[in-house]
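Fair warning: this is a prediction, and the values are worked out from it, not measured in the lab.
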Amino acid sequence: MILPEDYSFMARAIKLAHKGRYTCHPNPRVGCIIVQKGKVVGEGFHQRAGEPHAEPIALSVAGDCAKGATAYVTLEPCSHHGRTPPCADTLIQSGVSRVVVAMEDPNPKVAGSGLERLRQAGINVHVGVLESEAQALNPGFIKRMSHGLPFVRCKLAMSLDGRTAMASGESKWITSDAARRDVHRMRALSSAVMTGVDTVIADDAALNVRLSAVDLDGVESDSDLPSPQRVVLDSRLRMSLQAKMLSLPGQTTILSLEGEHERRKALEAAGAEIISMPENSGQIDLLTAMRYLAQQETNEILLETGPRLAGNMLQAGLVDELVIYMAPHLMGDSGKGLFHLPGLVHMQDRIELGITDIRAVGRDWRITAIPSNRVC
């Protein structure tokens, strides 16, 4: 039976899991608390891949108080040996009598087997407490495990009249400092930041995280700051050998078509990793590219690019979430628009959006929306 207090304790575990949201990639964000007679005696969250999971951390704090206690976990305890031992076994050995889990693990290596192991050991197990909140912790991990694709969040900035650049191409800066800091937090949340080569050529984009540890809750020092992978779609390898991102810490991956062997060697010597992709109508096949990145354990992608690639990704159904920063000024009807969407002729061709959030960020507004045409 699920008890009324289970919800408040699980909410605390979910809040704990948020502390690892910048650092535990490619693993899921997980929190755990141990409760004995209504009192929290141990808590923990998963901070980094290869380090202990949330459950053993919380149990080590609880010590002998774990015997007969209830464990609250935001994700089903793992049942397989990876870089760490199975958490289901650790819970069994601790002597807990009850385990409350927010959601089952979509990882096929687990997928209910952790829960079954607990039940076979005589532990009382309940699943589904604050499930939607737990799912919101790990959209990329869930999608990668369930569908073999990363979760793609497309970020754009526009004026009140929907323009992303002046007619001249000038675009710095549309939004305020507060909005740009918000974007850097989104970058830090992401496994990868992706753009097209035209954006790199036009802006010499760095796509790195330019925040200090104090700006990111859960990151202890600047040395712990995340460095998401930079992914550039460059079908003809037009990226400059002097591109800023090639000299920065972290990995820069270029997805391209076959050919241009001398250019490929030069870019690799400059520090880029180059991966060949199949062609689709003269361009990189986007679905194959997303599947490849998922195979590389990429959970969440922040897409920061121009209207053409943003439009192609949107029309392909590969954008899971739009985050649009709207600035309170006008840039004129000759400026550049948000998306290049050829083929939208009739009203019935529109791509419907579900608005999930609107809030002020500094002097700008941030609109979060879900496209209706997502492939999954």
Peer 1: Taking all non-hydrogen atoms of both residues into account, name the closest pair between Asp320 and Cys376 and its distance.
Peer 2: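 Between these two residues, the closest heavy atoms are OD1-O, 3.8 Å.
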Peer 1: Same cluster for Leu237 and Ile284 if Ile/Leu/Val/Met/Phe/Trp/Tyr side chains link at under 4.5 Å?
Peer 2: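 Leu237 does not cluster with Ile284.
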Peer 1: State, to 0.1 Å, how close Met194 and Leu293 come at their nearest heavy-atom pair, and which atoms those are.
Peer 2: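 For Met194 and Leu293, the tightest heavy-atom pair comes out as SD-CD1, 4.4 Å.
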Peer 1: Give the intermediate values and the outcome of side chain to side chain donor-acceptor pair (under 3.5 Å) for residues His126 and Asn124.
Peer 2: CA-CA 7 Å; His126 300 285; Asn124 193 355; 3.2 Å; yes
Peer 1: Applying salt bridge (Lys or Arg N to Asp or Glu O under 4.0 Å), run through Asp182 and Arg366 and close with a yes or a no.
Peer 2: CA-CA 10 Å; Asp182 200 50; Arg366 188 182 72 196; 2.7 Å; yes
Peer 1: Of all heavy-atom pairs between Val200 and Met239, which one has the smallest distance, and what is that distance?
Peer 2: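 Taking every non-hydrogen atom into account, CG1-CG, 4.2 Å.
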Peer 1: Counting C-beta onward and ignoring hydrogens, is there a side-chain heavy-atom pair between Trp365 and Pro328 closer than 4.5 Å?
Peer 2: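 Side chain of Trp365 against side chain of Pro328, heavy atoms only: no contact under 4.5 Å found.
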Peer 1: Do the side chains of Glu43 and Tyr72 get nearer than 4.5 Å, heavy atoms only?
Peer 2: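 Side-chain contact under 4.5 Å: no.
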Peer 1: Group every Ile, Leu, Val, Met, Phe, Trp and Tyr by side-chain heavy-atom contacts under 4.5 Å, then state whether Val183 and Met313 land in the same group.
Peer 2: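 No, no single cluster joins them.
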Peer 1: More than 12 foreign heavy atoms under 6.0 Å from CG of Asp349: is that the case here?
Peer 2: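 Atom CG in Asp349 is crowded, with more than 12 foreign heavy atoms closer than 6.0 Å.
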Peer 1: Atom CE in Met145, atom CG in Asp105: separation rounded to 0.5 Å?
Peer 2: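 Between atom CE of Met145 and atom CG of Asp105 there are 7.5 Å.
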Peer 1: Kindly say whether Thr252 contributes a backbone atom to a donor-acceptor pair with the side chain of Gln229 at under 3.5 angstrom?
Peer 2: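 No, because the side chain of Gln229 does not come within donor-acceptor range (under 3.5 Å) of the backbone of Thr252.
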Peer 1: Working to the nearest 0.5 Å, report the span between OG of Ser240 and CG of Leu246.
Peer 2: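 Here the interatomic distance stands at 8.0 Å.
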Peer 1: Using a distance-only test with no angle check, is there a side-chain donor-acceptor pair under 3.5 angstrom linking Glu304 and Thr199?
Peer 2: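 No, Thr199 and Glu304 have no side-chain donor paired with an acceptor closer than 3.5 Å.
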Peer 1: When you look at Ser190 and Glu300, which way does the side chain to side chain donor-acceptor pair (under 3.5 Å) test go after all the steps?
Peer 2: CA-CA 5 Å; Ser190 305; Glu300 297 178 30; 5.2 Å; no
Peer 1: How many angstroms lie between atom CG of Leu189 and atom CZ of Arg185, to the nearest 0.5 angstrom?
Peer 2: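 With rounding to 0.5 Å, CG (Leu189) is 10.0 Å from CZ (Arg185).
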Peer 1: Tell me yes or no: between the side chains of Ser79 and Ser113, is some donor less than 3.5 Å from an acceptor?
Peer 2: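 Yes, a side-chain donor-acceptor pair sits under 3.5 Å.
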Peer 1: When you compare the side chain of Val129 with that of Val101, does any pair of heavy atoms fall below 4.5 Å?
Peer 2: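 Of all side-chain heavy-atom pairs linking Val129 with Val101, none is under 4.5 Å.
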Peer 1: Could you tell me if the side chain of Glu297 sits less than 4.5 Å from the side chain of Arg144, heavy atoms only?
Peer 2: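 They are in contact (side-chain heavy atoms under 4.5 Å apart), so the answer is yes.
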Peer 1: So which heavy atom on Val125 is nearest to which on Arg119, and how close?
Peer 2: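 Closest heavy-atom pair between Val125 and Arg119: CG2-CG, 3.8 Å.
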Peer 1: When rounded to the nearest 0.5 angstrom, what distance separates CG in Asp204 from NZ in Lys244?
Peer 2: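 The NZ atom of Lys244 is 5.0 Å from CG of Asp204, to the nearest 0.5 Å.
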Peer 1: Under a 4.5 Å cut-off applied to non-hydrogen side-chain atoms, are Tyr22 and Val209 in contact?
Peer 2: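 They are not in contact (no side-chain heavy atoms under 4.5 Å apart), so the answer is no.
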Peer 1: What do the steps show when you test His329 against Ser159 for side chain to side chain donor-acceptor pair (under 3.5 Å), and what is the final call?
Peer 2: CA-CA 6 Å; His329 52 236; Ser159 60; 5.4 Å; no
Peer 1: Any side-chain heavy-atom pair from Glu279 and Asp285 closer than 4.5 angstrom?
Peer 2: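 With C-beta onward as the side chain, the pair stays apart.
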Peer 1: I'd like to know if the side chain of Ser276 pairs up with that of Arg264 as donor and acceptor (distance under 3.5 Å, no hydrogens or angles considered).
Peer 2: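 Present: a donor and an acceptor within the cut-off.
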Peer 1: Quick one: do Ser176 and Asp364 satisfy side chain to side chain donor-acceptor pair (under 3.5 Å)? Show the steps, please.
Peer 2: CA-CA 7 Å; Ser176 63; Asp364 306 310; 2.7 Å; yes
Peer 1: Calculate, to the nearest 0.5 Å, the distance between atoms CD and NE2 belonging to Gln47 and His53 respectively.
Peer 2: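 With rounding to 0.5 Å, CD (Gln47) is 13.0 Å from NE2 (His53).
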Peer 1: What is the minimum heavy-atom distance between Met10 and Val73, and which atoms define it?
Peer 2: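 Taking every non-hydrogen atom into account, CE-O, 3.5 Å.
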Peer 1: Using only atom types and a distance under 3.5 Å, with no angle test, would you say the side chain of Ser8 pairs donor to acceptor with the backbone of Glu5?
Peer 2: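 Indeed, once roles are kept as given, a pair shorter than 3.5 Å links the two residues.
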Peer 1: Using the rule that Ile, Leu, Val, Met, Phe, Trp and Tyr join whenever any side-chain heavy atoms are under 4.5 Å apart, tell me whether Leu267 and Leu233 fall into a single cluster.
Peer 2: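 Leu267 does not cluster with Leu233.
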Peer 1: Check the pair Arg238 / Asp198 against salt bridge (Lys or Arg N to Asp or Glu O under 4.0 Å), numbers first and verdict last.
Peer 2: CA-CA 9 Å; Arg238 295 186 292 126; Asp198 287 339; 2.6 Å; yes
Peer 1: Taking atom CG as the centre, does Asp357 end up with more than 12 heavy-atom neighbours from other residues, nucleotides or ligands that are less than 6.0 angstrom away?
Peer 2: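 More than 12 within 6.0 Å, yes.
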Peer 1: Below 4.5 Å, heavy atoms only, C-beta onward: do Leu314 and Ile351 meet side chain to side chain?
Peer 2: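 They are in contact (side-chain heavy atoms under 4.5 Å apart), so the answer is yes.
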Peer 1: Establish whether Ile174 and Phe339 are linked, either directly or via other cluster members, by ILVMFWY side-chain heavy-atom contacts under 4.5 Å.
Peer 2: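 Each belongs to a different hydrophobic cluster.
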Peer 1: Can Arg180 be said to sit on top of Trp173's aromatic six-ring, NZ or CZ under 6.0 Å from centre and within 45° of the ring axis?
Peer 2: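 So Arg180 does make the cation-pi contact.
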Peer 1: Which atom pair, heavy atoms only, marks the closest approach of Phe9 to Gly38?
Peer 2: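 Heavy atoms only, the tightest pair is CZ-O, 3.7 Å.
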Peer 1: In terms of hydrophobic clustering (I, L, V, M, F, W, Y; side-chain heavy atoms under 4.5 Å; direct or indirect links), are Val96 and Ile2 co-clustered?
Peer 2: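 Each belongs to a different hydrophobic cluster.
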Peer 1: So do the side chains of Leu287 and Leu149 get within less than 4.5 Å of each other, counting heavy atoms only?
Peer 2: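 SC-SC contact between Leu287 and Leu149 confirmed.
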Peer 1: Is it true that Glu321 and Arg374 have a side-chain N and a carboxylate O under 4.0 angstrom from each other?
Peer 2: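 A salt bridge is absent here (no side-chain N lies under 4.0 Å from a carboxylate O).
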Peer 1: So, taking the atom named CD1 in Ile254 and the one named CD in Glu268, what distance separates them when rounded to the nearest 0.5 Å?
Peer 2: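 It comes to 9.0 Å.
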